[in-house]
Undergrad: 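What follows is a single structure, and I will ask about it in a moment.
Computed from a prediction, not measured in an experiment: that's the story for all the values here. Per chain, numbering begins at 1; letters A, B, ... match sequence-line order. Basis for what follows: all heavy atoms, side chains included, without hydrogens, waters or symmetry-related copies.
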There are 2 protein chains.
Amino acid sequence: MSNIHIFAEKLRSLGLRPTQQRIIIYSLLFDRKDTFHFTIDDLQNILKNTSTKKISLATIYNTIHSLKDKGYLKEISINSEKTYFDTNISKHHHFFDESKRELIDLNDKDVGKIKIKKAVPGKKITSIEVLVKIANNN
Amino acid sequence: MSNIHIFAEKLRSLGLRPTQQRIIIYSLLFDRKDTFHFTIDDLQNILKNTSTKKISLATIYNTIHSLKDKGYLKEISINSEKTYFDTNISKHHHFFDESKRELIDLNDKDVGKIKIKKAVPGKKITSIEVLVKIANNN
DNA sequence: ACGTAATTTATAATGATTCTAAATTAGTGT
DNA sequence: ACACTAATTTAGAATCATTATAAATTACGT
Ligand SMILES: [Mn+2]
Ligand SMILES: [Mn+2]
Ligand SMILES: [Zn+2]
Ligand SMILES: [Zn+2]
């Protein structure tokens with residue numbers, strides 16, 4: 001059973017035709033052990049360097065947005081300069097390394113329980129996310 | 001002692017000439033009791049509706065960036081659609097109302113102590129920020 | 001293989017932000 | 001008050017990321 005076939009099935013199960021481009025992108029994003037945090041620009045560069053097949057920028061955007069809409073990617077806003085995507089769609093938090101300007105996952109268990117002592121009338125909490133900025137020591 | 005004169009002195013003390021445009025913007029931002037969260041677009045609309053003097057978009061950007069660079073405004077990224085600025089420069093957290101798409105301050109004291117149980121070698125924590133998304137009940 | 005709809009692609013359009021260079025204004029000295 | 005100079009404002013152009021368009025290609029059921 002080749003990975004490609006498995007990815008093709010995954011895509012099909014999402015209602016997305018397993019095109020060559022989607023399989024290449026899907027395997028780049030998900031055929032790895034760890035969470036992958038990336039920008040569209042990152043992805044474009046990696047694809048340029050690792051894939052023989054040229055994938056247009058429009059297709060990169062289309063594919064990422066499809067995967068995001070299907071709930072397979074999370075979008076993360078850290079600053080106005082870049083938009084990040086995250087293959088870890090579970091509830092979790094982040095370190096942001098100000099030096100390398102990259103995200104590192106903080107498991108939900110890595111953060112103590114967060115107590116919110118204020119409520120807004122008529123509103124309920126839908127999510128709580130912590131962003132921990134880090135920089136080089138000294 | 002008019003407010004305008006006070007604002008003029010404030011600006012001067014920041015190394016910014018108290019021009020008519022800056023005084024108008026400064027008083028709009030800071031002559032209020034509560035924190036003000038806004039986008040450039042918000043500011044432009046408010047100025048259009050409240051000020052007789054027309055202020056160019058370039059000047060709005062210039063002024064906001066000057067104030068941000070001087071540490072009098074904080075920039076906040078919630079999502080990729082808009083960039084928010086915050087007149088509250090103290091360490092604090094936020095509610096983000098998904099319905100109204102607006103920010104509400106969460107005082108540092110309104111959030112229980114946050115314990116980060118993971119460290120990154122060679123890195124130190126420079127800030128911890130919590131974003132609590134809220135939506136209409138039911 | 002054929003037909004058709006889905007997808008990809010090059011390219012154009014958009015929108016927010018930044019840049020540019022000319023016009024205006026604020027502060028200084030007379 | 002007037003003149004001078006540097007700082008600031010401004011309209012408009014440039015840039016950059018993202019989205020839209022519409023023609024070419026591909027996937028897939030028949
Ligand atoms: Mn990169
Ligand atoms: Mn608004
Ligand atoms: Zn993550
Ligand atoms: Zn705030």
Side-chain angles (χ1 to χ4, degrees), chain A residues 4-5 7-28 38-48 51-70 72-73 75-85 101, chain B residues 2 4-28 38-48 51-70 72-73 75-85 101:
Chain A
I4 285 176
H5 186 254
F7 296 148
E9 283 313 310
K10 270 279 171 56
L11 286 165
R12 234 186 292 267
S13 76
L14 299 180
L16 300 173
R17 281 192 181 176
T19 62
Q20 297 182 61
Q21 291 88 340
R22 283 174 177 161
I23 289 171
I24 291 168
I25 293 174
Y26 191 98
S27 57
L28 174 52
F38 63 95
T39 65
I40 293 288
D41 181 63
D42 289 337
L43 198 50
Q44 190 180 210
N45 289 327
I46 296 170
L47 287 167
K48 199 179 296 169
S51 175
T52 56
K53 182 165 183 63
K54 179 184 154 203
I55 300 181
S56 77
L57 183 56
T59 295
I60 297 176
Y61 273 102
N62 288 341
T63 301
I64 295 307
H65 285 147
S66 299
L67 291 172
K68 185 197 162 198
D69 294 345
K70 302 288 180 183
Y72 278 73
L73 286 174
E75 192 174 337
I76 299 176
S77 292
I78 299 300
N79 52 53
S80 51
E81 66 189 50
K82 283 181 172 186
T83 296
Y84 292 85
F85 291 90
R101 308 204 76 66
Chain B
S2 78
I4 287 176
H5 185 254
I6 293 173
F7 297 149
E9 283 313 310
K10 271 280 170 53
L11 285 165
R12 234 186 293 266
S13 76
L14 300 180
L16 299 173
R17 282 191 178 177
T19 61
Q20 297 182 63
Q21 291 87 339
R22 283 173 176 163
I23 290 171
I24 291 169
I25 292 173
Y26 191 100
S27 58
L28 173 53
F38 63 95
T39 65
I40 294 288
D41 181 63
D42 289 336
L43 198 50
Q44 189 179 212
N45 288 328
I46 296 170
L47 287 166
K48 199 179 296 169
S51 175
T52 55
K53 182 165 185 62
K54 178 184 153 202
I55 300 182
S56 77
L57 184 55
T59 296
I60 296 176
Y61 274 102
N62 288 341
T63 301
I64 294 307
H65 285 147
S66 300
L67 290 172
K68 186 198 162 196
D69 294 345
K70 301 288 180 184
Y72 277 73
L73 285 175
E75 193 174 335
I76 298 176
S77 292
I78 300 300
N79 52 53
S80 51
E81 65 188 51
K82 282 182 170 184
T83 296
Y84 292 85
F85 291 90
R101 309 204 74 67

Undergrad: OP1 or OP2 of C:dT18 less than 4.0 angstrom from a side-chain nitrogen or oxygen of B:H65, does that happen here?
TA: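 Yes.
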
Undergrad: To the nearest angstrom, how far is A:R12 atom CZ from C:dA6 atom P?
TA: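 Answer to the nearest Å: 15 Å.
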
Undergrad: Is there a side-chain contact between A:K54 and the phosphate of C:dA10, meaning an N or O under 4.0 Å from OP1 or OP2?
TA: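 Result: yes.
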
Undergrad: With a 4.0 Å limit, can you tell me whether A:T19 has a side-chain N or O closer than that to the phosphate oxygens OP1/OP2 of D:dA27?
TA: no

Undergrad: Nearest of D:dA6, D:dG12, C:dT9 to any side-chain atom of B:R17?
TA: D:dA6

Undergrad: Does a side-chain N or O from A:Y61 land closer than 4.0 Å to OP1 or OP2 of D:dT18, or not?
TA: yes

Undergrad: Indicate whether OP1 or OP2 belonging to D:dT8 is found under 4.0 Å from a side-chain N or O atom of B:Q20.
TA: no

Undergrad: Could you work out which one of D:dT18, D:dT8, C:dG27 sits closest to the side chain of A:L57?
TA: D:dT18

Undergrad: Check A:F38, A:Y72, A:Y61 against A:F85 for a ring pair (Phe, Tyr, Trp, His ring centres under 6.0 Å) and give me the one that passes.
TA: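 Filter result, single survivor: A:F38.
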
Undergrad: Quick check: on DNA chain C, is the nucleotide nearest B:I40 upstream (toward 5') of the one nearest B:Q21, or the reverse? Name the residue that is more 5'.
TA: B:I40

Undergrad: Counting only heavy atoms not in B:I4 (residues, nucleotides, ligands), do more than 12 fall under 6.0 Å from its CD1?
TA: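 No, because the 6.0 Å sphere around CD1 of B:I4 holds 12 heavy atoms or fewer from other groups.
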
Undergrad: So does A:T63 get a backbone contact from the side chain of A:R22, meaning a donor-acceptor N/O pair under 3.5 Å?
TA: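 No, A:R22 side chain to A:T63 backbone: no donor-acceptor pair under 3.5 Å.
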
Undergrad: Out of C:dC19, D:dT8, D:dA20, which has the shortest distance to the side chain of B:A58?
TA: C:dC19

Undergrad: Give the nucleotide from the list C:dT7, D:dC28, C:dT9 with an atom nearest to the side chain of A:S56.
TA: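 The answer is C:dT9, which lies nearest to the side chain.
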
